[in-house]
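Just follow the structure's listing: the first ligand is 1, and inside any ligand the first atom is 1. Below, each value reflects all heavy atoms present in this structure, side chains not excepted, and no hydrogens, waters or symmetry copies.
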Amino acid sequence: MQIADNTVVQFHYTLRDETGEELETSRGGEPTTYLHGADNIIKGLEGALAGKSAGDVFSATVAPQDGYGERKPDREQRVPVKHLMYRGKLKPGMAVHLNTRNGAVPVTVIKAGRHSADIDTNHPMAGRTLTFDIEVVEVREASAEEVAHGHAHGPGGHQH
Ligand code: ZN
């Protein structure tokens, strides 16, 4: 079965930046599961997966506009340290979470003070050209319920 709208896909990936440095990998853990055609994953990756089948291995390079967007310079702000969630000592360059009314969002620390911190609220992957080394593990037809919900159910998907 080929990946198309209304299929549920499981895949393993290793994500590398422009220099080839590994940023993330699903290998050694559970594969990522998503519903194709429902904006569950970034556009560039979804486009590269379309038409592929279980067992296919390939690499896809995704430009910022098809990934996490361009980096916006006006997304820096000063916030109280108590609104940040992190472990250990707060340091510049650290990826942390900011508590907002809409839940926790990933941000990057620019400067850390005792009570306040300057943070960049761009997505940590914004502005980066990303290369994904993909292995398609499984492709199956989505259930009517999954299509209605706009996400995958079962292992690796939503449990509810
Ligand atoms: Zn659901």
Side-chain angles (χ1 to χ4, degrees), residues 1-18 21-72 74-75 77 79-80 82-88 94-109 119-160:
M1 174 176 272
Q2 286 191 328
I3 297 174
D5 285 358
N6 301 334
T7 57
V8 170
V9 183
Q10 289 198 324
F11 66 95
H12 273 299
Y13 71 94
T14 297
L15 172 57
R16 297 177 195 285
D17 69 8
E18 299 88 336
E21 194 196 334
E22 183 176 315
L23 302 175
E24 281 176 22
T25 184
S26 68
R27 291 182 168 90
E30 292 299 312
T32 295
T33 303
Y34 79 100
L35 172 64
H36 192 86
D39 286 331
N40 288 178
I41 61 172
I42 57 172
K43 196 169 70 170
L45 188 55
E46 190 164 58
L49 280 154
K52 298 286 196 295
S53 309
D56 283 354
V57 175
F58 64 98
S59 289
T61 297
V62 177
Q65 65 268 27
D66 295 324
Y68 293 95
E70 299 290 350
R71 195 157 206 96
K72 299 193 180 71
D74 59 350
R75 290 270 186 92
Q77 55 178 279
V79 298
K82 65 182 178 195
H83 291 177
L84 299 175
M85 291 183 294
Y86 57 96
R87 286 201 185 151
M94 200 172 177
V96 301
H97 281 85
L98 171 67
N99 276 318
T100 73
R101 269 170 311 185
N102 303 320
V105 296
V107 301
T108 307
V109 176
I119 57 162
D120 182 343
T121 63
N122 281 292
H123 189 283
M125 305 280 182
R128 306 184 79 164
T129 296
L130 304 169
T131 297
F132 294 85
D133 299 324
I134 304 284
E135 180 190 348
V136 180
V137 176
E138 190 193 272
V139 184
R140 65 168 170 84
E141 200 98 47
S143 69
E145 193 185 41
E146 288 173 318
V147 173
H149 286 201
H151 55 231
H153 291 160
H158 282 240
Q159 318 280 344
H160 63 113

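Using modelled atom types, no side-chain atom of N6 and backbone atom of A142 make a donor-acceptor pair closer than 3.5 Å. A donor-acceptor pair is defined here as one N or O able to donate and one able to accept, closer than 3.5 Å; no such pair exists between the side chain of E135 and the backbone of H12.
In this structure D39 satisfies the salt bridge (Lys or Arg N to Asp or Glu O under 4.0 Å) test with no other residue, sequence neighbours excluded. Take R75 and apply the salt bridge (Lys or Arg N to Asp or Glu O under 4.0 Å) test, not counting sequence neighbours, and it matches no residue.
L130 is not listed as a side-chain neighbour of L45, based on a closest heavy-atom distance of 4.5 Å or more.
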Contacts table for residues 49-57: side-chain donor-acceptor under 3.5 angstrom, sequence neighbours left out:
from, atom 1, to, atom 2, distance (Å)
K52, NZ, A48, O, 3.4
D56, OD2, S53, N, 2.9

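Only protein atoms were considered; those of element N, O or S under 2.8 Å from the Zn ion (ligand 1) number 4.
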